[in-house]
Amino acid sequence: MEENEKRSVFGKLLLEHRRAAGWTQERLAEASGLSVRALRELERGRARAAQQRSAEVLADALGLTGGDREFFLTVAKQGRRRNPALAAHVAATCALPAPLTDLSGRESELEQLSVKITEGGGVVAIVGQAGVGKTALAVTAADRWRTDYPDGCFAVDLRGMDEEPVSARTALDRLLRALDVAPGQVPASEGDRSALLRMLLEGRKILLLLDNAADEAQVRPLLVTGPGCLTLITCRRTLAGLEGARWLSLEPLSDGGATGLLAKIVGEDRVRAEPAAARELVELCGYLPLAVRIAGNRLATRPQWSLAQLADRLRDESTRLRALAAGDLQLRSAFDLSYRGVSAGARRLFRRLATVPGADFGLELAAVVSGASDADVREHLDELFDASLVQSTAVPERHQFHDLIRLFAEERFEAEEDPAARDTVLAHLLDKAAEAARLFYPKAPESGRFGSRDENARWLDVEGDNWVAAQRVAARKGWHREVSGLAVALHWYSDGRSGQRPWWEIFSLGAAAANALGNAADEAKLLNFVGWASSVCFNDDEGAVEAHRRALDIATRIGDRTQQTWASIYLGQVLRYVGREAEAFEYAERGYESAGELPFWDGQSSARNVYGHTLLAAGRHSEALAVHRAVLADAERLADETYPGLYRMLRALALRAIGDVLADLAEWREAAGYYRTSRWLSWEGGFGVMEAICALREGRAWREAGAFEEARECLTLAVELSSAPAFSARRKQALAELALLPSS
């Protein structure tokens, strides 16, 4: 075959595995039952991929297992996909935004970008403050060089300034789907997704725009760095730790650049007629492109206005953002003009959206705060979007404020609305979040007032920033019943999701509210949740011990046997973590003995698992195995008494516990098998923290067993899943384990 002949992705992968096995095509043909000719066609790319059965027999013949086999079959399926219309539709979700037609004042920066790209493409980061025009510059540059990248231009908004930015794993999913990978064929792990992206783009000339990045860790798995490829990144941070990147720091426009932008919007003649007013106007806008554009758009729609009239309005401090009255943050007057240019209904929605406590909002919350019909809300949101008073997000039909415009909306609300209107959205969020969370109780029905369990789970995820913020506001307002009620409702939902929300704060606010109400039963319950969050989310085991002791004291005083049992269960666990083995065993045994009073799914299973961990710590391996295997058997027997998510999570915990016992007995390969099953169950359930723990322990087991490639795969995944600051200790453990592996 000619060296420069292009292979298919599957052909390259097949060739790599065959060569790794040291086999000829003839030997693989004999082992698989395929003809030599068929293998040759596959490897050369003349056939995009094997049919499903052929791919399976090839995987069997090559001895592929685990992640290698899954990846091999996924690539084979990808090669068989042939739906150009669907591919084009999905690719549009990652299409480059349309460039501005009136970008001005950035000629020098465009030239600098051109030089950096000419020097070798690769990765270029455009960094600078909010409103300085990073995205506008990047989109214009991408559109200008689009023809240099004939194999595709893609864009992803990474939402880096949100409380929870888009994860690299989610961004990879979007990119892979845009490249025509079917949803069910996208690999599970971030590492496999990144590897598949690189493989699909090998030998192609691609431009990728990663807009609004959070940090280096978010963008590293997404970088397109092959020869002839370019990744443009925009970020408010400097991204100084990004290896191999080049940077362009974007500053506010010069006086001439800002005036030129204004002239592009309103017309050269008007600027030439009032040069002094034009210079003053852009100065009052702080030379920020966003502010100049807003002011210019208002002038363009009011040809009867002079530039001096607008400058005069901006000069008056009563028309500027009171809190941002100087320098490059002088935006209030421009925002005010935009606000007054929309309809009365849009203005009402705009100021009432200031009561949404989180970062963004959809049609539902917009309708709640406005009281208008969905059709009217859509129309008003479109009007606000066109006036640059709200921005669209990566999620369809969700919007957000620019940081500075939110301040303006707050001011308009205070000036024009009844303060009691703030309570409407708070009450809605607290009520719906509590109702949704109750569907995760062990014996809850499949659906409730707001739809199915899956629908409620999606709502809790999408509106997470909002209901968390609503609880904070409600706590400050003294809504003790609502604050504690929400915290109590969230207990079972929080299990397996320890990295997703600020659970310590949520449960602490709830405990304080229960105390203020004099509700000792809920206070004891919530203090137990506070202890769980202290240990699991913060690794603060001493704090956990203190919270559980307080819960036990209250529960004992009021005779609440359920919370006494839970406190004993938790103390049996965390006391072991702080080295008080004898005391831990005492509490674990107490919880185990009294857990028979609890239903299996409502705490009994947890008590038994904790007791098994304690037996392991005491070196009583056979007893520990018996306890965990009995829990696993009972879970199978009683599976129809709860919903699949809780059943999956308990199975994952019990299997991991069995793996722990086997690992302590140095039965490494068997332990790794249990960890792997637990890891897959955790992934299926969306339990990211549990998945990371299993990946770490499985990696260590494979390393001890001498299976170094399997170990490397698992430990790398553990590092990727432990990027959050709260999980730095686990990340260090995984990195230390990786360092023990022989170099590949």
Side-chain angles (χ1 to χ4, degrees), residues 71 74 78 89-97 154-198 200-201 206 208-224 231-235 358-360 362 391-400 454-455 457-466 468 496-501 679-680 682-692 695 716-724 726-727:
F71 189 68
T74 294
Q78 165 62 15
H89 173 74
V90 176
T93 64
C94 289
L96 290 176
F154 303 94
V156 180
D157 184 353
L158 296 175
R159 315 286 305 149
M161 294 299 103
D162 288 3
E163 185 173 323
E164 291 190 22
V166 173
S167 68
R169 186 172 174 177
T170 299
L172 285 163
D173 177 74
R174 293 177 187 169
L175 287 168
L176 289 171
R177 293 183 64 185
L179 289 164
D180 199 24
V181 178
Q185 296 169 14
V186 175
S189 75
E190 180 185 297
D192 281 350
R193 291 181 180 187
S194 184
L196 180 56
L197 177 67
R198 290 193 299 272
L200 289 174
L201 298 183
I206 293 290
L208 174 61
L209 170 58
L210 301 176
D211 192 26
N212 194 14
D215 52 32
E216 296 89 340
Q218 184 191 33
V219 299
R220 281 193 186 103
L222 308 172
L223 298 183
V224 178
T231 302
L232 289 176
I233 305 170
T234 70
C235 187
D360 60 11
Q391 303 169 336
S392 61
T393 73
V395 179
E397 294 203 43
R398 287 192 75 82
H399 294 82
Q400 64 180 2
D454 287 345
E455 290 170 333
R458 285 193 292 273
W459 185 90
L460 286 166
D461 288 343
V462 170
E463 299 293 356
D465 289 351
N466 283 312
V468 169
R497 297 176 173 87
S498 58
Q500 294 181 12
R501 300 292 168 209
R679 174 163 65 87
W680 278 103
S682 300
W683 171 76
E684 287 178 354
F687 309 132
V689 173
M690 291 170 54
E691 182 186 1
T716 300
L717 175 62
V719 171
E720 294 170 352
L721 293 175
S722 305
S723 58
F727 308 130

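Numbers here are sequence positions counted from 1. Note that this is a predicted model, so its numbers are computed, not measured.
Under the 3.5 Å distance criterion, with hydrogens and angles disregarded, a donor-acceptor pair is assigned to the side chains of R198 and S194.
Residues passing the side-chain contact (heavy atoms from CB on, under 4.5 Å) test with V395 are T393, R398, sequence neighbours excluded. The side-chain contact (heavy atoms from CB on, under 4.5 Å) check on E720 picks up E190, T716, L717, with sequence neighbours excluded. Among residues two or more places apart in sequence or in another chain, the salt bridge (charged side-chain N to carboxylate O under 4.0 Å, His left out) test is passed with E455 by none.
Side chain of Q218 to backbone of L158: a donor-acceptor contact under 3.5 angstrom is found. The backbone N or O of A188 lies less than 3.5 Å from a partner atom in the side chain of R169, making a donor-acceptor pair.
N212 has its side chain out of reach of P165: every pair of non-hydrogen atoms, C-beta onward, lies at least 4.5 Å apart. Under the 4.5 Å side-chain criterion, counting only non-hydrogen atoms from C-beta, L96 is in contact with L209.
Contact record, C235 with A213: SG-O, 2.9 Å, taken as the closest heavy-atom pair. Heavy-atom minimum distance, P221 versus A168: CG-CB, 3.8 Å. Of all heavy-atom pairs between N466 and G358, the closest is OD1-N, 2.6 Å. The minimum heavy-atom distance between A171 and V156, with the atom names listed, is CB-CG1, 4.2 Å. Of all non-hydrogen atoms in L197 and L222, the two that sit nearest each other are CD2-O, 4.2 Å. Here the shortest heavy-atom pairing between S682 and M690 reads OG-CB, 3.5 Å.
To the nearest 0.5 angstrom, D461 atom CG is 7.0 Å from R497 atom CZ. In this structure, the separation between CG on D360 and CD on E463 is 7.0 Å, given to the nearest 0.5 Å. Rounding to the nearest 0.5 angstrom, the gap separating the CD1 atom in I233 from the CG atom in L210 is 5.5 Å.
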Test log, rule side chain to side chain contact (heavy atoms under 4.5 Å, CB included), inputs L208 and L175: CA-CA 10 Å; L208 174 61; L175 287 168; 3.7 Å; yes
